[in-house]
J.: 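To start, I am sharing the structure in question, which I have written as structure tokens.
Please read these numbers as outputs of a predicted model, since none were measured by experiment.
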Amino acid sequence: QVRLKESGGALVQAGGSLRLSCAASGFTFRVNTMAWYRQAPGKQRELVASVSSDSTTKTYADSVKGRFTISRDNIKKLVYLQMDSLKLEDTGVYYCSKPPDAWGQGTQVTVSS
């Protein structure tokens with residue numbers, strides 16, 4: 001059974017940084033693309049970043065390019081999202097995903113002014 005568990009969400013001031021982690025189990029992690037999504041209050045869930053199985057391909061939403069970095073550790077079965085220069089509009093619940101249809105429960109990120 002696929003299991004994804006996020007951690008690292010917190011309340012942070014604008015301009016600050018956070019690192020989210022996702023622990024994966026129940027599937028062959030090293031061969032799967034992984035991704036982070038987020039959902040802001042009143043908005044649809046959106047793709048934030050994805051990383052290929054071998055980390056050679058990384059994609060980012062335009063809104064986070066240059067500020068967020070996705071990475072993974074295939075030995076430890078972890079996916080990370082390093083978030084720098086956080087903005088108020090980065091507030092939301094962040095979900096780890098094994099596309100297309102596996103999700104964690106999410107971790108709350110709140111950016112305050």
J.: In terms of hydrophobic clusters joined by side-chain contacts under 4.5 Å, are Leu78 and Val51 together?
T.: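 In one cluster: no.
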J.: CE of Met34 to CG of Leu81: how many Å apart, nearest 0.5 Å?
T.: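 One finds 12.0 Å between CE of Met34 and CG of Leu81.
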J.: Same cluster or not: are Val79 and Val2 linked, directly or through other Ile, Leu, Val, Met, Phe, Trp or Tyr residues, by side-chain heavy atoms under 4.5 angstrom apart?
T.: yes
J.: Using atom types as modelled and distance alone, determine if a side-chain donor or acceptor of Arg67 lies under 3.5 Å from a backbone N or O of Ser85.
T.: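 Pair found, side chain donor or acceptor close to backbone of Ser85.
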J.: Could you state whether Phe68 and Leu88 fall into the same hydrophobic cluster, counting links through intermediate Ile, Leu, Val, Met, Phe, Trp or Tyr residues with side-chain heavy atoms under 4.5 angstrom apart?
T.: yes
J.: So which heavy atom on Gly104 is nearest to which on Tyr95, and how close?
T.: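 Taking every non-hydrogen atom into account, O-CD2, 3.5 Å.
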J.: Is Trp36 reachable from Trp103 through a run of hydrophobic residues whose side-chain heavy atoms are each under 4.5 Å from the next?
T.: no
J.: Distance under 6.0 Å and angle within 45° of the ring axis: does Arg72 meet both against Tyr80?
T.: no
J.: Side chains of Arg45 and Tyr37: is there a donor and an acceptor less than 3.5 Å apart?
T.: no
J.: Identify the two heavy atoms, one from Lys87 and one from Asp90, that lie closest to each other, and give their separation to 0.1 Å.
T.: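 Looking at all heavy atoms of both residues, the shortest contact is N-OD2, 2.7 Å.
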J.: Might you work through the side chain to side chain contact (heavy atoms under 4.5 Å, CB included) test for Glu46 and Gln39, ending with a clear yes or no?
T.: CA-CA 6 Å; Glu46 63 173 348; Gln39 188 165 19; over 6 Å; no
J.: What's the separation between atom OH in Tyr94 and atom CE in Met83, rounded to the nearest 0.5 Å?
T.: 5.0 Å
J.: Ignoring hydrogens and angles, tell me if any N or O in the side chain of Thr33 forms a donor-acceptor pair with the backbone of Ser52 under 3.5 Å.
T.: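 Side chain of Thr33 to backbone of Ser52, a donor-acceptor pair under 3.5 Å: no, none is there.
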J.: Check the hydrophobic clustering (I, L, V, M, F, W, Y; side-chain heavy atoms under 4.5 Å; chains of links allowed) and say if Tyr60 and Leu86 are grouped together.
T.: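 Hydrophobic grouping puts Tyr60 with Leu86.
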J.: Can Thr59 and Ser50 be counted as having a side-chain donor-acceptor contact under 3.5 angstrom?
T.: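 There is such a pair (donor and acceptor under 3.5 Å, judged by atom type) between the side chains of Thr59 and Ser50.
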J.: Find the distance between OG1 (Thr57) and CD1 (Ile70) and round it off to the nearest 0.5 Å.
T.: 11.5 Å
J.: Would you say the side-chain atoms of Glu89 and Thr91 include a donor-acceptor pair closer than 3.5 Å?
T.: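 The criterion, which ignores hydrogens and geometry beyond distance, is not satisfied for Thr91 and Glu89.
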J.: Closest heavy-atom contact between Glu6 and Gln105?
T.: OE1-N, 3.2 Å
J.: In terms of heavy-atom contacts, does NZ of Lys5 have more than 12 from other residues, nucleotides or ligands at under 6.0 Å?
T.: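 No, not enclosed.
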J.: Pair up each side-chain donor or acceptor in residues 8-30 with any protein partner under 3.5 Å, not counting sequence neighbours, and list the distances.
T.:
from, atom 1, to, atom 2, distance (Å)
Ser17, OG, Asp84, OD1, 2.8

